[in-house]
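Letters A, B, ... mirror the listed sequences (proteins, then strands); counts begin at 1.
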2 protein chains.
Amino acid sequence: MVEPGDRQRAVTVADVARRAGVSKATAARALGDYGAVSDSVRERVQAAAEELDYRPNELARSMNTGKSKTIGVIVGDIENGYFGLAMRGISDTAKAAGYDVILINTSEDVRTEIDAVRVLLDKRVDGLIVAPASSFETGHLRWVGEAGRPLVLLDRRVAGLEAVSVEVDIAPSAGAATAALLDAGHTRIAFVSALQTEGETYSDRLELRVSSVTDRLAGIVGALRSRGIEPSAELIRFGAHGRDRTRSIVEDLLDLADPPTAILASDSLIALDVLRTLKDRGLRVPGDLSFVMFDDFEWAALTDPPLTVVAQPIYDVGVAAATILLRRLAGLPHGDVDAHLPATLVLRDSVGPVPVRA
Amino acid sequence: MVEPGDRQRAVTVADVARRAGVSKATAARALGDYGAVSDSVRERVQAAAEELDYRPNELARSMNTGKSKTIGVIVGDIENGYFGLAMRGISDTAKAAGYDVILINTSEDVRTEIDAVRVLLDKRVDGLIVAPASSFETGHLRWVGEAGRPLVLLDRRVAGLEAVSVEVDIAPSAGAATAALLDAGHTRIAFVSALQTEGETYSDRLELRVSSVTDRLAGIVGALRSRGIEPSAELIRFGAHGRDRTRSIVEDLLDLADPPTAILASDSLIALDVLRTLKDRGLRVPGDLSFVMFDDFEWAALTDPPLTVVAQPIYDVGVAAATILLRRLAGLPHGDVDAHLPATLVLRDSVGPVPVRA
DNA sequence: CGCTATGTTGAGACCGGTCTCATTCGCTTG
DNA sequence: CAAGCGAATGAGACCGGTCTCAACATAGCG
């Protein structure tokens, strides 16, 4: 069936037209069903296309329609179940609308993100979904609008940018998680995040690069203060990216003169490393330390002990982001307002009473 | 800086050429640094490009170079940590070589996979990495070669296809896991896989659609037979995709007249559902049942009990697949032979002695 | 001083589609 | 029966790059 020669040159409309005995323009019309074509010609052209196994070159098509039927997605780390699930939501939604997805991973590095935006724009994606690594350095995000393409922010918002963001309304649940800890008698509550800051420790003035972390902290600090507890800078830690760094932060926390009796982990990757460190130190949860993780995955109910978590509707965040982008691409109304999905506190067994000091 | 008018029309080489006072051809040469251009002109053109903030249209470039600097990846489910990690390996490797990645998810559905191949080929990706949903229905995989593009198979092989595959050499470890179970005294060992078969139960004649499952089974059956145990069809179960189906399979297994005393889960998604079902039934691992999971993730060491697993170098599989593809694209030698990466059995606490029958 | 080798440059074809415009044809209508 | 109209079709421009080829300039050489 397939001759060795086939593989080189692709079949074009011109080939189909020649075979059907019509002009290129007519063949294109019959194939793309636009304009007027007589039934007989249409059939003849379609038959020719069939015989030649014609496949349109989407690149060429994109070039003069200006549309590529592709959306770009830029995230910090697909390996993180959070983005994996969101990606799935985006991907499913996009596919249903006939769009494809180009994924770029930034490792939460702004430089990489800048390159990614450039590349995707150069490739003429129709729109972009970005989980920005920084809400400060956002010049490249502006390029998207300047190129006339819609942008939807995932999980994080950026002030002063004409882009809709889809976020999880995490502060209330962060507050609820903290309240649960407070109710159990904890007052020394630590928070560990992967976010990189410029070596600064927490204070009211500290502005964070990532809104989703800011929100977590706002919820936690709010709950603390409502019980008259002033957040302690030594218990709020950033820079826990990678196993080693997380480990040393946790070690550091445990070696404090007045160590925390509870830890909140900003995401599941950190949570795993924190738990592993605790385990290595022979500390039991919740016997020696209480623990809460942001994000819920199926394994969180199967750990020892099952983890109390702040569950986020991540898949739906992806779906919402893609839906808004797709609506904008279709010229449909989309509310033009940031979307907020609710998070919920799921109580399991990793929160317990404060241990009696030895 | 940015006028409202900017956003519509993109700056082209022609614009840059006009501004620099040279021809389009010369401007293109200066920008793409090919051909010969005098230093003065080069500088002038580059300055003009800078001022106009010129960005090349990659679509146009791709169209006549025939290269898109993009590779397509088709997997069953990115949500599955297995593919998530492999994707990360592919993505990292591709990016380092200046390639982008288009990802399509098939939900292990062959029809979707066929469409995906078509779409990606139409988009003129330079090469494809596919984890084929079926080793029987492979006509569409042939298209890739017919279109003159390299194809690398991920995790699964397909007979009679001119494509290199990158796999994990899983049979030996599957055998070792089974042997560990046998050593602990188990003889009723069940295997649960998500693979869809045509309603058939296991027999020697049953041919499976996915080689990685075939290999797991080969290792298991081999170990069993070497101890004189004939595999029992009622203990080898397929179709465990989705929580409900997995649950009913496990329930079914447990309700057998002679139920298994150990279960091997073909991947982490299934493992989670199996464990949850056991937990709901009030069964303890390894007290009541021993358990082994294929794939290792950080949480597997933190469950109750820590899981004995067959660890696979998944990230490296992704890296290897991308590396081979990239080498073929660069016209470099790549060995042209399937790559096999080793798996290892990691003993933790989910395997114990056979419980004494009540 | 004439001739060739080398380096620069511009004009324009080309990739494979889409789309505008002019032309031709058949049919209706006064 | 001629004018008028819409449908069908072909020719060719266009998208924004790459690349070939010819023209031209300068320099080196005998």
Side-chain angles (χ1 to χ4, degrees), chain A residues 8-46 48-49 52-70 118-119 121-126 147-148, chain B residues 8-46 48-49 52-70 119 121-126 147-149:
Chain A
Q8 298 309 354
R9 183 141 237 64
V11 178
T12 73
V13 258
D15 299 324
V16 175
R18 200 171 310 121
R19 173 149 192 145
V22 297
S23 74
K24 198 177 90 171
T26 301
R29 270 188 283 258
L31 259 16
D33 67 14
Y34 59 91
V37 191
S38 67
D39 290 344
S40 66
V41 168
R42 188 195 318 283
E43 279 168 31
R44 198 141 43 88
V45 171
Q46 280 169 350
L52 260 28
D53 194 26
Y54 167 75
R55 301 258 72 223
N57 181 330
E58 289 299 335
L59 247 37
R61 176 172 291 170
S62 296
M63 206 169 84
N64 42 15
T65 57
K67 266 93 195 60
S68 60
K69 280 283 182 180
T70 304
R118 207 191 300 271
V119 166
L121 249 22
D122 290 352
K123 272 207 196 315
R124 300 300 192 262
V125 292
D126 292 342
Chain B
Q8 298 311 352
R9 181 143 235 65
V11 177
T12 73
V13 256
D15 298 325
V16 175
R18 201 171 310 121
R19 172 149 192 143
V22 297
S23 74
K24 200 179 86 170
T26 301
R29 272 188 283 257
L31 260 15
D33 67 16
Y34 59 91
V37 191
S38 66
D39 290 343
S40 66
V41 168
R42 188 194 320 281
E43 280 167 30
R44 199 140 42 88
V45 171
Q46 280 168 351
L52 260 29
D53 193 26
Y54 167 76
R55 302 257 71 223
N57 182 330
E58 289 299 334
L59 246 36
R61 177 172 292 170
S62 296
M63 206 168 84
N64 44 14
T65 56
K67 267 91 192 60
S68 61
K69 281 282 182 180
T70 304
V119 165
L121 249 23
D122 290 352
K123 272 209 197 315
R124 301 300 193 263
V125 293
D126 292 343
R149 308 196 138 64

### Query
Taking C-beta and beyond as the side chain, do B/Asp122 and B/Val119 meet within less than 4.5 Å on heavy atoms?
no
### Residue A/Ala60, side-chain heavy atoms: nucleotide from D/dG17, C/dG17, D/dG16 that is nearest
C/dG17
### Task
Find out whether B/Val22 and B/Arg44 are in side-chain contact, i.e. whether some heavy atom of one side chain is under 4.5 Å from a heavy atom of the other.
yes
### Options D/dG17, C/dT18, C/dG17, nucleotide nearest the side-chain atoms of A/Tyr34
C/dT18
#### Entry: Base C/dG12 to side chain B/Lys24, donor-acceptor N/O within 3.5 Å cut-off
no
### Message
Applying side chain to side chain contact (heavy atoms under 4.5 Å, CB included) to A/Arg19 and A/Leu52, what does each step give before you reach the verdict?
### Response
CA-CA 9 Å; A/Arg19 173 149 192 145; A/Leu52 260 28; 3.4 Å; yes
### Message
Taking any heavy-atom pair under 4.0 Å as a contact, classify B/Arg55: base, sugar-phosphate, or nothing.
### Response
sugar-phosphate
### Message
Between A/Thr70 and B/Lys123, is there a side-chain heavy-atom distance shorter than 4.5 Å?
### Response
yes
### Query
How would nucleotides 4-9 of chain D be written as a contact map, 5' to 3', with B for base contact, S for sugar-phosphate-only contact and - for no contact, using protein heavy atoms under 4.0 Å?
----SB
### Query
Going by modelled atom types, is there a donor-acceptor pair between the base of D/dG17 and the side chain of B/Asn64 at under 3.5 Å?
yes
### Query
Rounded to whole angstrom units, what separation is found between the CE atom of A/Met63 and the C1' atom of D/dC14?
8 Å
## Note on the structure
Against the side chain of A/Ala25, the closest entry in C/dC15, D/dG12, D/dG17 is D/dG12
